[in-house]
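For the single chain, residues carry numbers from 1 onward in sequence order. What you see is a predicted model; the values in this text were computed from it and never measured.
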Amino acid sequence: MLNKTDKRLVIQIIKKSPDLMNILKAIAQLNLPQGALAAGSIRNTVWQVLSHQPIELINDVDVVYFDPQRPRNDDQIIQASLIKRMPDYQWQVKNEAYMHHYDFKDASKFTSIEDAISHFVETPTCIGAYLKGNDIEIIAPYGLTDLIQLKCRPIPMFQNNKTCLSIYQNRIQRKNWKKRWPNLAIINS
């Protein structure tokens with residue numbers, strides 16, 4: 001269960017971002033099963049607002065959905081249609097029903113979009129949003145506290161695995177988030 005205050009804050013931040021609202025509307029129009037905006041677009045926007053920085057999309061716009069019945073190459077078709085319709089964004093579309101093949105070779109198949117999002121590398125990135133009617137719904141398998149408090153830690157399955165922890169640490173270093181958000185607390189375990 002998500003903390004209601006944190007959820008309201010994240011929804012308020014998303015609503016105040018014309019880019020994120022346009023993206024959510026475009027995703028809703030696709031009628032993708034469990035379709036959502038996920039990861040960095042939301043995380044970065046929240047961190048920018050909480051750090052009193054201008055809001056700008058600084059990475060790919062990750063559209064995720066979960067449909068084991070759909071062919072794998074549909075991601076490229078959906079992505080191409082989004083690029084054609086809204087070329088200002090760097091779209092990346094993934095059917096998470098297949099992503100366990102790429103990210104977790106020994107893992108069992110994901111069962112839902114929330115399950116897939118729970119396997120993103122760090123807790124504040126494990127977030128998704130979608131429109132249900134006119135309401136914004138939030139997916140946050142590990143809650144929103146780390147996101148709101150500008151804390152970055154590996155997901156639980158990475159914490160006691162040296163190889164996975166190394167992936168997390170390399171990603172943090174490569175992304176250079178501490179420079180962009182000086183108040184961000186990086187937690188390595």
Side-chain angles (χ1 to χ4, degrees), residues 2-67 75-96 99 112-152 155 171 175-177 179-181 183-184:
L2 296 179
N3 175 298
K4 289 180 183 181
T5 304
D6 291 349
K7 184 178 176 183
R8 270 195 302 271
L9 177 59
V10 171
I11 289 172
Q12 179 184 22
I13 289 170
I14 291 171
K15 281 183 177 179
K16 287 185 178 182
S17 167
D19 282 321
L20 293 186
M21 289 306 298
N22 287 335
I23 290 165
L24 288 176
K25 289 172 187 171
I27 293 169
Q29 291 171 354
L30 294 171
N31 293 314
L32 296 170
Q34 299 182 45
L37 171 64
S41 298
I42 300 169
R43 179 201 59 228
N44 294 348
T45 300
V46 170
W47 285 353
Q48 289 166 353
V49 168
L50 296 176
S51 299
H52 308 289
Q53 298 174 353
I55 298 174
E56 60 177 327
L57 294 180
I58 54 177
N59 61 343
D60 296 340
V61 175
D62 295 305
V63 177
V64 296
Y65 67 102
F66 191 85
D67 188 355
D75 292 358
Q76 296 165 338
I77 295 166
I78 295 165
Q79 186 170 310
S81 83
L82 286 168
I83 290 168
K84 186 176 181 180
R85 213 166 68 195
M86 301 171 80
D88 292 340
Y89 302 114
Q90 295 177 355
W91 297 98
Q92 189 167 53
V93 177
K94 291 182 182 170
N95 184 350
E96 293 292 338
M99 291 314 295
S112 67
I113 203 64
E114 184 169 351
D115 182 29
I117 288 173
S118 76
H119 286 82
F120 292 175
V121 176
E122 56 280 327
T123 57
T125 304
C126 295
I127 185 164
Y130 62 94
L131 290 178
K132 187 174 184 179
N134 291 324
D135 296 326
I136 297 172
E137 297 292 329
I138 300 293
I139 302 166
Y142 303 110
L144 297 166
T145 303
D146 284 353
L147 177 67
I148 300 296
Q149 293 181 359
L150 279 92
K151 291 182 181 175
C152 188
I155 61 172
R171 184 171 149 82
K175 296 282 188 177
N176 205 15
W177 287 338
K179 183 176 181 181
R180 184 174 289 274
W181 295 287
N183 293 331
L184 180 65

Contact between [X] and [Y] at the side-chain level, heavy atoms closer than 4.5 Å - yes or no?
| X | Y | value |
| --- | --- | --- |
| Y130 | I27 | no |
| I127 | I139 | no |
| L37 | L20 | yes |
| T45 | L57 | yes |

Q. Would you find more than 12 non-hydrogen atoms of other residues, nucleotides or ligands less than 6.0 Å from E56 atom CD?
A.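 Yes, because the 6.0 Å sphere around CD of E56 holds more than 12 heavy atoms from other groups.
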
Q. Given M21 and I136, is the side chain to side chain contact (heavy atoms under 4.5 Å, CB included) satisfied, shown in steps?
A. CA-CA 9 Å; M21 289 306 298; I136 297 172; 3.7 Å; yes

When you measure from the side chain of [X] to the backbone N and O of [Y], does any donor-acceptor pair fall under 3.5 Å?
| X | Y | result |
| --- | --- | --- |
| Y142 | S118 | yes |
| Q79 | V93 | yes |
| W47 | L147 | yes |
| Q53 | R180 | yes |

Q | R43 and its side chain to side chain donor-acceptor pair (under 3.5 Å) partner, picked from T123, T125, D146 | A |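 For R43, the side chain to side chain donor-acceptor pair (under 3.5 Å) test succeeds with only one of T123, T125, D146, which is T125.
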
Closest non-hydrogen atom pair between [X] and [Y], with its separation:
| X | Y | answer |
| --- | --- | --- |
| G35 | Y65 | CA-CB, 3.8 Å |
| A38 | V64 | CB-CG2, 3.7 Å |
| D62 | G40 | OD2-N, 4.2 Å |
| A140 | L2 | O-CD2, 3.5 Å |

How long is the straight-line distance from [atom2] of [Y] back to [atom1] of [X], given to the nearest 0.5 Å?
| X | Y | atom1 | atom2 | result |
| --- | --- | --- | --- | --- |
| D6 | I148 | CG | CD1 | 5.0 Å |
| L9 | L144 | CG | CG | 9.0 Å |
| R171 | W177 | CZ | CH2 | 4.5 Å |
| D115 | E96 | CG | CD | 9.5 Å |
| I13 | Q48 | CD1 | CD | 10.5 Å |
| L131 | L24 | CG | CG | 4.5 Å |

Q) Y89 pairs by side chain to side chain contact (heavy atoms under 4.5 Å, CB included) with which of I83, L82, N22, D60? A)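 For Y89, the side chain to side chain contact (heavy atoms under 4.5 Å, CB included) check succeeds only for N22.
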
Q) Knowing that exactly one of I113, N95, I78 qualifies, which makes a side chain to side chain contact (heavy atoms under 4.5 Å, CB included) with L32? A)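 By the side chain to side chain contact (heavy atoms under 4.5 Å, CB included) criterion, L32 pairs with just one of I113, N95, I78: I78.
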
Q | Chi angles and distances behind the side chain to side chain contact (heavy atoms under 4.5 Å, CB included) call for V121, I155 | A | CA-CA 6 Å; V121 176; I155 61 172; over 6 Å; no

Q: Tell me, please, which residues at least two apart from S41 pass side-chain hydrogen bond (donor to acceptor under 3.5 Å, both in side chains).
A: none

